[in-house]
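By convention in this document, chain letters (A, B, ...) are assigned in the order of the sequence lines, proteins followed by strands, and residues within each chain are numbered from 1.
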Number of protein chains: 2
Amino acid sequence: MNISEITKQSGKVKVNGWVHDFRDIGALKFIQLRDSTGVIQVTVLRDSADPKIIEEIKGLPKESVLEIEGMVQENAKVQSGMEIIPETLHVMVRSKPELPISVSEKGVTTGLAKRLDYRCLDLRKLKTQAIFKVQSAILEGMQRYLLNDGFIQVFTPCIMGVASESGSEVFPIIYFDKEAFLRQDPQLHRQLTIAGGFPKIFDIGPAWRAEQSHTVKHLCEHRVCAVETAFIKDEYDIIRLEEQVIIAALNNVKDKCQKELDTLGVKMTVPKAPFPVITFPELYEILEKKGKELPEDTDLDADADRILWEHVKEKYNSEFYFVNWFPSKIKPFYVMKRDEDPRWARSIDLNYKGMELSSGGQREHRHEKIMQAVKEKGMKESEVHWFTQFFEFGVPPHGGFAIGIERITQKLLDIENIRECVLFPRDTERLVP
Amino acid sequence: MNISEITKQSGKVKVNGWVHDFRDIGALKFIQLRDSTGVIQVTVLRDSADPKIIEEIKGLPKESVLEIEGMVQENAKVQSGMEIIPETLHVMVRSKPELPISVSEKGVTTGLAKRLDYRCLDLRKLKTQAIFKVQSAILEGMQRYLLNDGFIQVFTPCIMGVASESGSEVFPIIYFDKEAFLRQDPQLHRQLTIAGGFPKIFDIGPAWRAEQSHTVKHLCEHRVCAVETAFIKDEYDIIRLEEQVIIAALNNVKDKCQKELDTLGVKMTVPKAPFPVITFPELYEILEKKGKELPEDTDLDADADRILWEHVKEKYNSEFYFVNWFPSKIKPFYVMKRDEDPRWARSIDLNYKGMELSSGGQREHRHEKIMQAVKEKGMKESEVHWFTQFFEFGVPPHGGFAIGIERITQKLLDIENIRECVLFPRDTERLVP
């Protein structure tokens with residue numbers, strides 16, 4: 001039985017958990033017993049308890065693992081209004097008395113680096129437990145929506161024989177006697193899966209960036225829910241699909257994680273479709289009104305992101321918004337340009353509370369256009385031939401997006417540092433535990 | 001609309017697909033239109049069709065992508081008993097006429113290596129499409145069962161700061177200025193997630209083995225559904241859980257993929273729990289009766305596997321069976337030994353039609369026992385300290401397993417080579433596409 005399931009009417013219960021706190025004041029001994037769902041008081045009365053229990057809990061260290069059977073009874077003095085009076089109590093595992101970091105959430109001042117060093121203790125906090133329950137509910141919501149909509153779950157390769165996309169910021173692998181790389185984004189192989197005749201696919205898995213970024217929003221290893229679909233009319237089909245995936249994810253959190261949201265003190269709202277879409281030409285005007293000039297053919301900078309986010313909050317009262325019509329010059333070769341004005345791309349970003357959550361859009365499926373873009377970008381045909389060759393053999397219009405799982409968790413829960421949204425984060429310095 | 005959804009009563013339909021075949025016999029032109037679900041005949045009558053259609057399909061190459069609107073009508077001469085008479089027909093993408101490999105399934109004699117070189121064309125075959133729909137249904141069945149049973153989906157690191165387990169057969173990564181490795185199995189971090197207070201978790205993701213194996217059952221990159229759970233009584237709790245995960249996966253295939261099973265000519269049965277469990281002491285006797293001697297403290301060889309599989313078929317009429325009580329000497333340091341006779345481990349393999357599908361069992365959670373095993377295995381304490389240190393702070397009894405996703409697909413569908421169960425396989429030679 002989970003601790004959160006115990007009610008005053010539970011009667012006799014059997015629970016497992018960790019010693020969150022232990023106070024021995026002679027005649028009374030109080031154990032705060034914790035599992036991943038909550039904390040309950042276990043009260044041992046010296047004069048009426050089984051002497052074996054008294055013996056068992058002598059000098060009981062915090063974080064020891066217990067198995068307890070006992071009666072639930074009301075106790076107005078404790079926060080939950082109830083306590084367990086144990087009939088049997090077994091110390092399954094006795095912890096070392098000195099903990100390197102505290103698992104208590106009261107007055108914790110341990111820095112993040114040290115907390116991550118001792119992550120297994122840090123993860124035991126109810127707030128941390130809640131983060132990962134919410135993350136699992138996000139994933140469940142996305143997957144259920146996609147499967148119900150006829151998508152199938154696939155896996156595309158993590159190991160690339162050729163450095164993907166930009167070629168920079170990839171981790172090299174020693175692959176027997178060959179050179180290989182970890183993918184930055186599974187997007188090229190998602191396109192090849194579409195070229196392989198699969199109309200609707202999603203791939204949930206890792207992606208890596210060898211970026212020397214020491215920020216609160218970058219990781220060297222992260223996860224994406226990457227979706228690709230064929231026979232689209234244009235990139236607005238992708239926008240409409242991505243909205244529904246986000247809404248399904250957040251609805252599932254709302255349905256299943258109210259207790260976790262309470263633990264984290266988060267009030268969430270599920271957005272309504274359609275989300276606002278701002279094109280680059282519109283965006284220049286919005287920025288200009290605020291005295292911000294964005295040079296042509298450059299990406300949004302932090303300042304522009306902030307102004308845009310303020311604008312969206314004010315005008316649309318929306319936490320989510322898309323940016324469309326990115327300048328083609330700053331986008332990779334596989335992105336489709338707009339027919340009416342190829343300066344702009346059918347490339348979209350989804351932003352959540354001012355942070356980029358996902359990139360996507362319509363991909364170029366016409367072989368001659370792809371080869372033209374390869375030339376324009378100054379790339380060698382021989383380097384992309386492994387990919388481009390398949391577009392000679394009938395690849396339908398398609399597009400997709402990849403949502404950063406840690407980022408959506410971070411923004412939904414208003415967590416300052418993205419490392420809190422990964423069980424065991426990997427960054428420029430951290431490779432263990 | 002999918003081609004498989006079209007019935008004789010459909011009336012007017014709009015479909016997208018690839019030209020599977022095209023025959024132009026003057027007055028009559030037949031297009032076999034294929035999507036991921038099936039093939040339907042599109043019949044164009046020279047004398048009554050829109051001249052624009054006649055023009056559009058002149059010299060139409062196979063694998064071109066079409067969009068067709070038209071009426072469904074009965075035609076007893078075609079296999080499906082119906083055809084489409086197009087009112088509009090648009091060639092969305094014209095394929096190059098010469099295909100490097102055939103997409104037709106009739107009399108295909110192209111070798112696997114060449115098929116994998118041109119995987120995007122190979123994937124378009126209805127049989128290949130069916131394999132990945134079944135794989136997706138396997139995953140869906142597993143995930144739904146686990147979520148309903150209170151498990152949460154997590155992600156553990158792919159990049160290890162220390163070579164995991166054996167140290168051999170790992171792919172090294174250049175991680176900035178540090179040395180790192182791709183995980184062989186997410187099992188150590190699953191244990192650390194349990195140590196982090198999560199009672200029930202699963203992690204679906206990649207694992208890598210730098211093995212010089214050129215067999216039909218080995219891949220350098222594969223996927224596992226890895227499950228770990230705490231507060232177990234012993235490894236039989238793991239066995240009972242794994243059975244249910246397998247049954248849920250196969251039930252979902254049976255419910256959702258009858259058409260795909262028919263396409264592949266596969267008759268499947270969903271097993272019933274409990275699956276037979278054979279311990280090593282029993283296994284020595286079974287092998288001895290067949291004149292096979294397995295040396296002490298060695299793993300099963302191919303011969304032993306075959307004999308055991310014959311025995312199980314005969315005695316239990318079961319496609320699945322567990323092997324338990326592996327010799328502790330051949331198992332890693334983190335595996336729990338049996339209390340009553342530490343020569344044997346609480347280590348289980350699940351076999352499916354004679355092939356190992358999964359390894360698992362109960363892990364050692366007691367710090368002093370882990371450190372004793374580290375010593376016995378001749379490992380350096382300093383190398384495993386990053387992992388073992390957390391077991392000083394109250395880690396409950398736990399265990400788990402990791403099911404190879406490609407292997408369960410392969411065995412369920414009786415596919416000879418495991419590479420057919422990966423979209424874009426990675427082996428000792430293959431890194432593209």
Side-chain angles (χ1 to χ4, degrees), chain A residues 16 18 36 63-65 92-93 95-96 99 119-121 123-124 129 132-133 136 139-140 147 152-159 161-162 171-176 178 180 189 192-193 195-199 205-206 221 223 231 365 386-387 390 392-396 423-424 426 428 431-433, chain B residues 16 18 36 63-65 92-93 95-96 99 119-121 123-124 129 132-133 136 139-140 147 152-159 161-162 171-176 178 180 189 192-193 195-199 205-206 221 223 231 365 386-387 390 392-396 423-424 426 428 431-433:
Chain A
N16 289 110
W18 284 262
S36 69
E63 296 309 313
S64 296
V65 182
M92 300 177 82
V93 188
S95 174
K96 202 172 157 181
L99 300 176
R119 186 61 162 161
C120 293
L121 288 163
L123 286 173
R124 294 183 189 175
Q129 294 280 322
F132 293 95
K133 281 183 207 168
S136 179
L139 286 160
E140 183 187 13
L147 289 167
I152 65 166
Q153 181 168 10
V154 298
F155 300 113
T156 57
C158 292
I159 297 182
V162 186
F171 288 114
I173 309 168
I174 301 160
Y175 194 86
F176 303 111
K178 297 190 191 74
H189 277 100
L192 292 185
T193 309
F198 292 89
E221 174 176 288
R223 258 71 184 188
F231 298 110
H365 63 281
W386 71 273
F387 172 77
F390 294 108
E392 292 199 276
F393 306 111
V395 178
L423 286 177
F424 301 98
R426 295 290 177 255
T428 48
L431 275 166
V432 281
Chain B
N16 289 110
W18 284 262
S36 69
E63 296 308 312
S64 296
V65 182
M92 300 178 84
V93 188
S95 174
K96 201 172 160 181
L99 301 177
R119 186 63 163 160
C120 292
L121 288 163
L123 286 174
R124 293 183 189 175
Q129 294 281 321
F132 293 96
K133 281 182 207 168
S136 180
L139 286 159
E140 184 187 13
L147 290 167
I152 66 166
Q153 182 169 11
V154 298
F155 300 114
T156 57
C158 292
I159 298 183
V162 185
F171 288 115
I173 309 168
I174 302 160
Y175 194 85
F176 303 110
K178 296 190 192 76
H189 277 99
L192 292 185
T193 309
F198 291 90
E221 175 176 287
R223 260 71 183 185
F231 297 110
H365 63 282
W386 71 273
F387 171 77
F390 294 108
E392 292 200 276
F393 306 111
V395 177
L423 286 176
F424 301 99
R426 295 290 177 258
T428 49
L431 275 165
V432 281

Chemist: Minimum heavy-atom separation for A:T428 and B:K178, please, with both atom names.
Modeler: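 So the two residues come closest at O-NZ, 3.2 Å.
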Chemist: Under 4.5 Å heavy-atom distance to chain B, tell me which part of A:F176 shows up: side chain, backbone, both or neither.
Modeler: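 Both backbone and side chain.
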Chemist: Heavy-atom pairs under 4.5 Å with chain B - which of A:G205, A:S36, A:A195 has more of them than the others?
Modeler: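 If we count pairs closer than 4.5 Å to chain B, A:A195 comes out on top.
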Chemist: State, with a plain yes or no, whether a side-chain heavy atom of B:L139 is found less than 4.5 Å away from one of A:F155.
Modeler: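 Sidechains of A:F155 and B:L139: in contact.
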Chemist: Taking side chain as everything from C-beta outward and backbone as N, CA, C, O, which of these in A:E63 sits under 4.5 Å from a heavy atom of chain B? Side chain, backbone, both or neither.
Modeler: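 Both backbone and side chain.
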Chemist: Do you know which two heavy atoms are closest between A:R124 and B:V395, and how far apart they sit?
Modeler: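 Scanning both residues completely, I find the closest heavy atoms to be NH2-CG2, 4.1 Å.
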Chemist: Quick one: does A:L423's side chain get under 4.5 Å of B:H189's, heavy atoms only?
Modeler: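 Heavy-atom side-chain distance check fails, nothing below 4.5 Å.
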Chemist: Once rounded to the nearest 0.5 Å, what's the spacing between atom CZ of A:R426 and atom CD1 of B:I159?
Modeler: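 Reported value, rounded in 0.5 Å steps: 7.5 Å.
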Chemist: How would you list, by chain and number, every residue that makes a side-chain hydrogen bond (donor to acceptor under 3.5 Å, both in side chains) with B:T156, sequence neighbours excluded?
Modeler: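 Result, side-chain hydrogen bond (donor to acceptor under 3.5 Å, both in side chains) vs B:T156: B:R183, B:D203.
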Chemist: Which atom pair, heavy atoms only, marks the closest approach of A:G394 to B:V93?
Modeler: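 That would be CA-CG1, 4.0 Å.
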Chemist: Look at A:H365, A:K133, A:M92, A:Q129 and state which one has the largest set of heavy-atom pairs under 4.5 Å with chain B.
Modeler: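 The option with the most such pairs is A:Q129.
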Chemist: Using heavy-atom distances under 4.5 Å, tell me whether A:P206 contacts chain B through its side chain, its backbone, both, or neither.
Modeler: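 Just its side chain gets close to chain B.
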Chemist: For B:E140, give me all partners under salt bridge (Lys or Arg N to Asp or Glu O under 4.0 Å), at least two apart in sequence or on another chain.
Modeler: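 For B:E140 the salt bridge (Lys or Arg N to Asp or Glu O under 4.0 Å) partners, ignoring immediate neighbours, are B:R144, B:K256.
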Chemist: If you take all heavy atoms of B:L431 and A:A180, which pair is closest and at what distance?
Modeler: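 Looking at all heavy atoms of both residues, the closest pair is CD2-CB, 4.0 Å.
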Chemist: Between B:L192 and A:P433, is there a side-chain heavy-atom distance shorter than 4.5 Å?
Modeler: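 A:P433 reaches B:L192 side chain to side chain.
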Chemist: Considering only heavy atoms, which portion of B:E392 lies under 4.5 Å from any heavy atom of chain A: side chain, backbone, both, or neither?
Modeler: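 B:E392 touches chain A through backbone and side-chain heavy atoms alike.
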Chemist: Considering non-hydrogen atoms only, spot the tightest contact between B:V432 and A:G161 and give its length.
Modeler: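 Looking at all heavy atoms of both residues, the shortest contact is CG1-CA, 4.3 Å.
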Chemist: Of the listed residues (A:F387, A:W386, A:F132, A:Y175), which shares the most heavy-atom pairs with chain B below a 4.5 Å separation?
Modeler: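 Most pairs with chain B among the choices: A:Y175.
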Chemist: Can you tell me which residue among A:F393, A:F231, A:F198 is in a ring-ring contact (aromatic ring centres under 6.0 Å, His included) with B:W18?
Modeler: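 With B:W18 as partner, ring-ring contact (aromatic ring centres under 6.0 Å, His included) holds for just one option, A:F231.
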Chemist: Counting only heavy atoms closer than 4.5 Å, note whether B:R223 contacts chain A via side chain, backbone, both or neither.
Modeler: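 Side chain only.
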Chemist: Between atom OG1 of A:T193 and atom CZ of B:R119, what is the distance when rounded to the nearest 0.5 Å?
Modeler: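 One finds 10.0 Å between OG1 of A:T193 and CZ of B:R119.
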Chemist: Quick one: which of A:P157, A:S64, A:P396 has the most heavy-atom pairs under 4.5 Å with chain B, could you say?
Modeler: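 Most heavy-atom pairs within the cutoff with chain B belong to A:P157.
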Chemist: With respect to chain B, which residue among A:N16, A:L99, A:I173 yields the maximal number of heavy-atom pairs within a distance under 4.5 Å?
Modeler: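 Winner by heavy-atom pair count: A:N16.
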